[in-house]
Asks: 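To start, I am sharing the structure in question, which I have written as structure tokens.
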Amino acid sequence: MSEVRVRFAPSPTGPLHIGGVRTALYNYLFAKKNGGTFILRIEDTDQTRFVEGAEDYIIDSLKWCGIKIDEGIYEGGEYGPYRQSDRKAIYRQYADMLIESGDAYYAFDTPEELEILRRESENAGNTFIYNGYIRAKLNNSLSLAEADWKSKLENGDPFVIRYKMPLNEDIHFDDLIRGDIVVNTSTLDDKVLYKSDGMPTYHLAHLVDDHLMKISHVIRGEEWLPSLPLHFMLYRSFKWDPPRFAHLPLLLKPDGKGKLSKRDGDKMGFPVFPVFWPYGETAKGYREEGYYPDAFVNMIALLGWNPGTEQEIFSMDQLIEAFTIERVGKSGSRFDPEKAKWFNHQYLQTKPDDQIAIEFREFLRAKGFHFDIVRLETLIALVKERVNFVKEIWDQTDYFFKAPELYDQEVIKKRWKDDTPARLMELRAVLEECEDFSVASTEGVVKSWIENNGYNTGAIMNAFRLVIVGASRGPHMFDIISWIGKDETLQRIDKGIAVIGNISK
């Protein structure tokens with residue numbers, strides 16, 4: 001394989017969808033697997049849709065994911081500039097080359113005139129297509145006398161440059177994912193290549209840039225597949241060797257019916273963007289929802305690509321080693337928000353307790369609690385298997401930091417008997433005598449007391465958990481009381497007996 005050069009070329013028109021992140025990731029993995037170069041090119045030719053801040057958002061998103069840019073607007077490179085608006089002067093000469101070769105033409109039709117034609121076609125039950133069957137009847141340099149269209153140019157009349165698509169020709173091209181594709185040109189229209197505002201359209205600009213930047217493989221979303229015939233024809237018109245193409249499958253809604261959208265995320269409570277979008281209509285991101293970047297990357301890598309094994313957990317280096325375009329599927333991949341959580345759970349379990357404790361400490365500080373890392377590490381070890389995100393640790397541990405204010409009514413009905421207060425007072429006395437309040441010590445003393453008195457272990461321990469925690473939840477009881485300490489344990493027993501006693505009367 002010759003030198004591999006791939007590009008991710010987003011438009012700065014809004015937040016970066018996770019489908020776009022997956023496209024960037026697959027390009028990155030392919031480049032690194034083949035010792036190639038990953039390029040970020042900002043395609044901002046559509047100035048009417050440009051959104052301030054979107055460019056930095058794209059770069060921040062890729063950085064969070066660990067996708068490293070080899071050439072780009074900040075990294076530089078010998079094929080720059082890497083922002084299309086900075087390359088504006090380049091494109092007109094290539095549009096003119098197509099005019100001179102007869103593969104493109106000037107079109108002077110106004111938007112209003114074209115809209116009338118579209119409506120007339122719709123009223124007749126047809127679809128309006130600006131192509132070889134009607135272009136000779138419209139207002140362009142193919143239908144007008146040379147003197148007339150040149151006069152329009154000299155007078156500064158608005159125009160666009162359209163590609164002259166040949167009629168009734170079968171175009172064959174190969175896609176690395178979809179194989180051989182055949183399209184007849186009679187089904188295609190004469191696309192605009194150069195707009196009246198002096199900017200090229202995507203079709204011309206990206207193709208010129210790919211050629212000048214020596215892009216070897218174009219790996220992009222399925223939505224660009226209908227444009228492939230035009231792009232193939234443009235390469236032929238310029239007499240350039242085309243890159244290899246690979247069109248990735250769509251990311252589908254959780255029910256598999258249609259493309260995944262922000263609306264789906266809003267409805268079901270999951271993000272569809274990598275990081276928080278702060279502009280206009282804000283949108284949450286995976287980073288702010290508590291996902292680890294390596295878990296997020298692992299998750300999206302498997303949305304469309306199959307390693308051919310049962311392995312599901314991959315580091316970035318492992319993904320690079322295993323990735324091949326040939327194992328990317330043709331069919332759309334259904335997004336599963338629960339599977340996304342599962343990935344984060346797997347990664348959280350591998351994180352050292354001290355790292356998780358540092359993250360959780362910031363969460364606690366926001367709530368007004370201050371604990372040292374060593375003590376929090378002990379707590380993390382008790383509960384991390386129960387959570388998918390660091391933020392969920394609070395829901396599993398709130399009773400470690402404050403005595404319960406409420407007690408579960410169902411548990412009271414089931415576990416609180418007439419003799420429960422008396423048994424708990426006996427337990428309190430036993431614990432008060434404990435000099436050593438470690439897990440092993442308190443567990444041994446309490447179990448001996450229960451056994452020596454012939455008490456029911458379940459009845460004692462369930463009532464004990466109720467007054468300490470407030471509900472039937474949490475890890476081993478002796479881990480809990482060891483962490484909160486003797487004084488707090490005794491106070492909670494007293495409070496629980498008093499409050500629940502009044503409730504149960």
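Not measured: the values here are computed from a predicted model. Residue numbers run from 1 in the order of the sequence given.
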Asks: Is any side-chain heavy atom of E52 less than 4.5 Å from a side-chain heavy atom of F50?
Replies: yes
Asks: With sequence neighbours excluded, tell me which residues meet ring pair (Phe, Tyr, Trp, His ring centres under 6.0 Å) with W449.
Replies: Y455
Asks: Go through I484 and R492 one step at a time and tell me if the side chain to side chain contact (heavy atoms under 4.5 Å, CB included) criterion holds.
Replies: CA-CA 10 Å; I484 66 175; R492 291 191 188 190; 4.1 Å; yes
Asks: Would you please indicate if the ring centroids of F296 and W64 are separated by under 6.0 Å?
Replies: yes
Asks: I need the L382 CG to Q396 CD distance, nearest 0.5 Å.
Replies: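 It is 11.5 Å, given to the nearest 0.5 Å.
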Asks: Any salt bridge between D70 and K32, counting N to O under 4.0 Å?
Replies: yes
Asks: Just do the side chain to side chain contact (heavy atoms under 4.5 Å, CB included) check on D210 and H206 with the steps written out, would you?
Replies: CA-CA 6 Å; D210 284 349; H206 96 277; 3.4 Å; yes
Asks: Does the distance from a Lys or Arg side-chain N to an Asp or Glu carboxylate O, for R7 and E71, drop under 4.0 Å?
Replies: no
Asks: Say whether, by atom type as modelled, one donor and one acceptor occur between the side chain of H345 and the main chain of F389 under 3.5 angstrom.
Replies: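 No, the answer is negative, given that no donor and acceptor are paired below the 3.5 Å cut-off.
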Asks: Centre of F369's six-membered ring, under 6.0 Å away, within 45 degrees of the axis: is that where NZ or CZ of K367 sits?
Replies: no
Asks: Can you give me the closest heavy-atom contact between K195 and P200, atom names plus distance?
Replies: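 Nearest heavy atoms, K195 then P200: CE-O, 3.6 Å.
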Asks: What I'd like to find out is whether the side chain of F363 reaches to under 4.5 Å of the side chain of I393, using heavy atoms alone.
Replies: no
Asks: Looking at E392 and N388, what are the two nearest heavy atoms and their distance?
Replies: OE1-N, 2.8 Å
Asks: Quick check, are the ring centers of F323 and Y26 under 6.0 angstrom apart?
Replies: yes
Asks: How many angstroms lie between CG in L364 and CG in L376, if you round to the nearest 0.5 Å?
Replies: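 Rounded to the nearest 0.5 Å, the CG-CG separation comes to 6.0 Å.
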Asks: Under 3.5 Å, which donor-acceptor pairs link side chains of residues 245-255 to any protein atom two or more places apart or in another chain?
Replies:
{"unit_1": "H247", "atom_1": "ND1", "unit_2": "D175", "atom_2": "OD2", "d": "2.7"}
{"unit_1": "H247", "atom_1": "NE2", "unit_2": "R220", "atom_2": "NE", "d": "3.0"}
{"unit_1": "H247", "atom_1": "NE2", "unit_2": "R220", "atom_2": "NH2", "d": "3.4"}
{"unit_1": "K253", "atom_1": "NZ", "unit_2": "D264", "atom_2": "OD1", "d": "3.0"}
{"unit_1": "K253", "atom_1": "NZ", "unit_2": "D264", "atom_2": "OD2", "d": "3.1"}
{"unit_1": "D255", "atom_1": "OD1", "unit_2": "K257", "atom_2": "N", "d": "2.8"}

Asks: Applying side-chain contact (heavy atoms from CB on, under 4.5 Å), can you list everything that pairs with D174, at least two apart in sequence or on another chain?
Replies: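 Only R244 meet the side-chain contact (heavy atoms from CB on, under 4.5 Å) criterion with D174.
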Asks: Do the side chain of T45 and the main chain of T201 share a donor and acceptor less than 3.5 angstrom apart?
Replies: no
Asks: Do S11 side-chain atoms and E43 backbone N/O form a donor-acceptor pair below 3.5 Å?
Replies: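 Yes, the answer is positive, given that a donor and an acceptor are paired below the 3.5 Å cut-off.
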Asks: Looking at residues at least two apart in the chain, or sitting in another chain, which of them share a side-chain hydrogen bond (donor to acceptor under 3.5 Å, both in side chains) with Q491?
Replies: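 side-chain hydrogen bond (donor to acceptor under 3.5 Å, both in side chains) list for Q491, sorted by chain: empty.
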Asks: Can you name the closest pair of heavy atoms from T397 and F401 and give their distance?
Replies: O-CD1, 3.2 Å
Asks: Rounded to the nearest 0.5 Å, what separates atom CG in N298 from atom CD in Q346?
Replies: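 So the gap between those two atoms works out to 9.5 Å.
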Asks: Heavy-atom distance under 4.5 Å between the side chains of L25 and M316, does that happen here?
Replies: yes
Asks: If you take all heavy atoms of P337 and Y291, which pair is closest and at what distance?
Replies: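 Distance-wise, the nearest heavy atoms are O-OH, 4.3 Å.
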Asks: With rounding to the nearest 0.5 angstrom, report the CZ to CG distance, R473 to L466.
Replies: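 Interatomic distance, R473 CZ to L466 CG, rounded to 0.5 Å: 11.5 Å.
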Asks: Tell me if a side-chain donor or acceptor on Y57 pairs with a main-chain N or O of V275 at a distance below 3.5 Å.
Replies: yes
Asks: Considering non-hydrogen atoms only, spot the tightest contact between I497 and W416 and give its length.
Replies: CA-CH2, 4.2 Å
Asks: Between K351 and E359, does any side-chain N to carboxylate O distance fall below 4.0 Å?
Replies: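 Result for this pair is no, no salt bridge flagged.
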Asks: Do other residues, nucleotides or ligands put more than 12 heavy atoms under 6.0 Å from R365 CZ?
Replies: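 Result for CZ/R365: enclosed.
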Asks: State the CG-CD distance between D398 and E405, to the nearest 0.5 angstrom.
Replies: 11.0 Å
Asks: Within a 6.0 Å radius of atom CD on E451, are there more than 12 heavy atoms belonging to other residues, nucleotides or ligands?
Replies: no
Asks: Atom CG in D353, atom CD1 in I358: separation rounded to 0.5 Å?
Replies: 11.5 Å
Asks: Taking P81's backbone N and O only, do any of them form a donor-acceptor pair with R87's side chain (distance below 3.5 Å, no angle check)?
Replies: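 Between the backbone of P81 and the side chain of R87 there is a qualifying donor-acceptor contact (under 3.5 Å).
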Asks: Any side-chain heavy atom of L431 sitting closer than 4.5 Å to one from F464?
Replies: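 They are in side-chain contact.
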Asks: Can you check whether L303's main-chain N or O pairs, donor with acceptor, with R22's side chain at less than 3.5 Å?
Replies: yes
Asks: Using atom types as modelled and distance alone, determine if a side-chain donor or acceptor of N27 lies under 3.5 Å from a backbone N or O of T23.
Replies: yes
Asks: Find out whether the Lys NZ or Arg CZ of K88 is both under 6.0 angstrom from the six-membered ring centre of Y91 and within 45° of the ring's axis.
Replies: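 The answer is no, since K88 fails at least one limit relative to Y91.
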Asks: Side chains of R465 and Y399, heavy atoms from C-beta outward: is any pair under 4.5 Å?
Replies: no
Asks: Look only at the side chain of E3 and the backbone of G36, and say whether a donor-acceptor pair between them is shorter than 3.5 Å.
Replies: no
Asks: Just wondering, more than 12 heavy atoms not from E75 lying within 6.0 Å of its CD?
Replies: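 It does: E75 CD has more than 12 such atoms within range.
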Asks: If you draw a 6.0 Å radius around CD in E321, do more than 12 non-hydrogen atoms from other residues or ligands fall strictly inside?
Replies: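 Open.
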Asks: Is the number of heavy atoms from other residues, nucleotides or ligands under 6.0 Å of D241 CG greater than 12?
Replies: no
Asks: Decide if atom NZ of K339 counts as having more than 12 heavy atoms of other residues, nucleotides or ligands within a radius under 6.0 Å.
Replies: yes
Asks: State whether the side chain of R375 and the backbone N or O of W483 hold a donor-acceptor pair below 3.5 Å, judged by distance alone.
Replies: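 Side chain of R375 to backbone of W483: a pair is present.
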Asks: Between Y347 and Y292, does the ring centre distance come in under 6.0 Å?
Replies: no
Asks: How would you list, by chain and number, every residue that makes a side-chain hydrogen bond (donor to acceptor under 3.5 Å, both in side chains) with Y28, sequence neighbours excluded?
Replies: none
Asks: Aromatic rings H17 and F273: how do their planes relate, parallel, tilted or perpendicular, breaks at 30° and 60°?
Replies: perpendicular
Asks: According to side-chain hydrogen bond (donor to acceptor under 3.5 Å, both in side chains), does anything in residues 273-288 pair up with another residue at least two apart or in another chain? List the pairs.
Replies: D60-R287, K262-E281
Asks: Find out whether P12 and D56 are in side-chain contact, i.e. whether some heavy atom of one side chain is under 4.5 Å from a heavy atom of the other.
Replies: no
Asks: Between S482 and V439, which heavy-atom pair has the shortest distance, and what is it?
Replies: CB-CG2, 3.7 Å
Asks: With a sphere of 6.0 Å drawn around CG of N306, does it hold more than 12 non-hydrogen atoms of other residues, nucleotides or ligands?
Replies: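 More than 12 heavy atoms, drawn from other residues, nucleotides or ligands, come within 6.0 Å of this atom.
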Asks: T420 versus R415: any side-chain heavy-atom pair under 4.5 Å?
Replies: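 Contact flag for T420/R415 side chains = no.
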Asks: Quick check: are there more than 12 heavy atoms from other residues, nucleotides or ligands sitting under 6.0 Å from NZ of K414?
Replies: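 Not buried by this count: 12 neighbours or fewer within 6.0 Å.
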Asks: Taking D408 for its side chain and G470 for its backbone only, find out whether a donor-acceptor pair lies under 3.5 Å.
Replies: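 Answer holds: no.
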Asks: Is there a side-chain contact between V445 and D436, using heavy atoms and a 4.5 Å cut-off?
Replies: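 Not touching, per the 4.5 Å side-chain cut-off.
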Asks: List the steps, then state whether side chain to side chain contact (heavy atoms under 4.5 Å, CB included) holds for I219 with V328.
Replies: CA-CA 11 Å; I219 304 169; V328 175; over 6 Å; no
